[in-house]
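All values derive from a computational prediction rather than experimental measurement. The chains referred to below are lettered A, B, ... by the order of the sequence lines, with proteins before strands, and numbering in each begins at 1.
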There are 2 protein chains.
Amino acid sequence: MTLRADSARVRAQMLAAARERVRAGDLDLPMNAIAKDAGVGVGTAYRHFASRQALLEALAAQSLGALVTDAEAAAADPEPATGFATLLRDALRLLRDDPTLALVLASAQPACLDATTDLHARLGAAVTTVLARARAEGVIRPDVDADDVRRLICGVQHAVDAGTDAGAADRYLDILLAGLRAAR
Amino acid sequence: MTLRADSARVRAQMLAAARERVRAGDLDLPMNAIAKDAGVGVGTAYRHFASRQALLEALAAQSLGALVTDAEAAAADPEPATGFATLLRDALRLLRDDPTLALVLASAQPACLDATTDLHARLGAAVTTVLARARAEGVIRPDVDADDVRRLICGVQHAVDAGTDAGAADRYLDILLAGLRAAR
DNA sequence: ACCTGAACACCGTTCAAGT
DNA sequence: ACCTGAACACCGTTCAAGT
């Protein structure tokens with residue numbers, strides 16, 4: 001039992017140390033340095049997180065979970081068009097608040113944690129529902145699926161990140177919404 | 001004089017070795033490995049390219065130059081709306097053909113080569129002209145400047161890269177054009 | 001003058017040795 | 001069982017030593 005508690009503590013310390021670096025604007029996440037920050041040996045760090053990518057996914061899991069929740073709420077919105085717009089707005093806000101989410105969500109590679117795969121699947125299902133409802137009302141172009149939405153919102157985040165303009169996020173989101181609304 | 005010729009040969013060999021790695025899908029560009037590929041010592045490699053970033057910018061210079069040429073042609077297009085659409089289409093094509101261009105164009109950091117800074121400046125001027133003419137005809141939203149266009153097209157490239165769908169590029173470009181056309 | 005490659009500081013990851 | 005940290009293979013960059 002103490003082992004279990006210890007293990008959980010190490011995991012929490014690793015995540016806290018990593019998040020502290022992310023908060024400081026450093027997305028490198030070097031395992032050696034984070035292990036030292038957390039006060040554990042490198043080997044222990046690797047027993048908890050099989051790779052740098054696994055640590056990254058664990059960091060992003062909370063934001064990704066929040067996005068899933070938002071998407072499922074959007075899928076239940078009485079007004080399909082509102083649900084769709086809210087989904088994109090929430091996604092961009094979460095992406096901007098947590099830079100690790102952008103790395104995990106934009107990745108074309110398969111996830112290395114099962115939890116990430118599961119969250120991705122739930123997200124895809126919810127977004128598909130949001131799109132189906134919006135499409136049924138004719139408020140979005142028909143040639144866009146859930147994966148397109150994932151890629152496009154990550155693209156908007158990338159564009160926002162490529163500069164320092166404070167108002168860019170709202171403007172780019174507006175451009176994307178207008179582009180998706182437009183008739184084919 | 002032979003020194004000059006030698007120097008040019010080393011530079012060309014470095015660029016060829018680097019481009020070969022890029023062609024093979026590897027964007028890491030490790031100086032040590034590329035120096036070895038090119039048959040020169042690491043020190044010599046660094047005498048020609050002050051840093052990895054300098055090598056990257058040198059690689060991207062050709063594509064960036066082509067983009068400038070395209071943008072200047074677009075600025076002279078008799079039909080402003082056509083010039084604008086052509087510019088975005090050409091930019092995305094160049095970004096997709098040369099992955100190093102995306103890295104250099106999307107960077108929020110200042111360039112490390114003067115040549116890159118110059119090309120960026122010429123690009124900005126040409127795109128500003130394209131936008132001014134399109135705006136005067138009322139065919140694009142007025143709250144978008146040349147830097148927004150740079151960031152947005154890099155965002156589209158990022159979205160295209162985040163998946164494997166063959167038709168994504170054309171679709172995403174169409175979405176961006178529709179979004180920019182839409183009235184405010 | 002220009003080149004070379006050993007060297008330094010780093011980083012991801014592994015594993016023999018300890019408790 | 002679990003932990004540690006030395007060790008390996010790497011990479012960016014520098015610089016003393018050669019030509």
Between CE of A:Met14 and CG of A:Leu29, what distance do you get to the nearest 0.5 Å?
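Going from the CE atom of A:Met14 to the CG atom of A:Leu29 covers 9.5 Å.
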Point-to-point distance, once rounded to the nearest 0.5 Å, from CG of A:Leu152 to NE2 of A:His158:
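Here the rounded value is 14.0 Å.
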In residues 17-40 of chain A, what residues come within less than 4.0 Å of DNA chain D, judged by heavy atoms?
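Contacts with DNA chain D under 4.0 Å: A:Val40.
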Enumerate the side-chain hydrogen bond (donor to acceptor under 3.5 Å, both in side chains) contacts for residues 94-106 of chain B, please, sequence neighbours excluded, ordered by first and then second residue.
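Sorted result for residues 94-106 of chain B: B:Ser63-B:Asp98, B:Asp98-B:Thr100.
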Electrostatic pair B:Asp70-B:Arg93, nearest N-O below 4.0 angstrom:
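Here B:Asp70 pairs with B:Arg93 in a salt bridge, since their nearest N and O are under 4.0 Å apart.
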Take atom CD in A:Glu72; do more than 12 heavy atoms of anything else shown fall under 6.0 Å from it?
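It does: A:Glu72 CD has more than 12 such atoms within range.
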Are there over 12 heavy-atom neighbours, none belonging to A:Arg122, within less than 6.0 Å of that residue's CZ?
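No.
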Taking [Y]'s backbone N and O only, do any of them form a donor-acceptor pair with [X]'s side chain (distance below 3.5 Å, no angle check)?
X        : Y        : value
A:Arg133 : A:Ala75  : yes
B:Asp145 : B:Asp148 : yes
A:Arg135 : A:Arg141 : no

Ignoring hydrogens and angles, write down the donor-acceptor pairs under 3.5 Å from the side chains of residues 101-117 of chain A, residues two or more places apart or on other chains.
from, atom 1, to, atom 2, distance (Å)
A:Ser107, OG, A:Gln109, N, 3.0
A:Ser107, OG, A:Gln109, O, 3.4
A:Thr116, OG1, A:Glu57, OE1, 2.7
A:Thr117, OG1, A:Leu113, O, 3.3

Please list, in numerical order, the residues of residues 52-64 of chain B that have a heavy atom closer than 4.0 Å to any atom of DNA chain C.
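By residue number: none to list.
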Flag side-chain contact, heavy atom, 4.5 Å: [X] against [Y]:
X        : Y        : result
B:Asp165 : A:Asp147 : no
B:Tyr172 : B:Gln157 : no
B:Leu15  : B:Leu55  : yes

NE2 of A:His48 versus C1' of D:dA1: gap in Å, rounded?
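It works out to 12 Å between those atoms.
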Between D:dG5 atom P and A:Arg47 atom CZ, what is the distance in whole Å?
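Interatomic distance, CZ of A:Arg47 to P of D:dG5: 15 Å.
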Would you sketch DNA chain C in dot-bracket for me? Only Watson-Crick or G-U wobble pairs with both distances under 3.5 Å count, crossing pairs as [ ], other-strand pairs as |, the rest as dots.
||.|||||...|||||.||
Going 5' to 3' through nucleotides 14-19 of chain D and flagging B where a protein heavy-atom sits under 4.0 Å of the base, S where only the sugar-phosphate is that close, and - otherwise, we get BB----
For nucleotides C:dA1 and D:dT14, find the distance between their P atoms and express it as a whole number of Å.
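Looking at atom P only, C:dA1 and D:dT14 are 22 Å apart.
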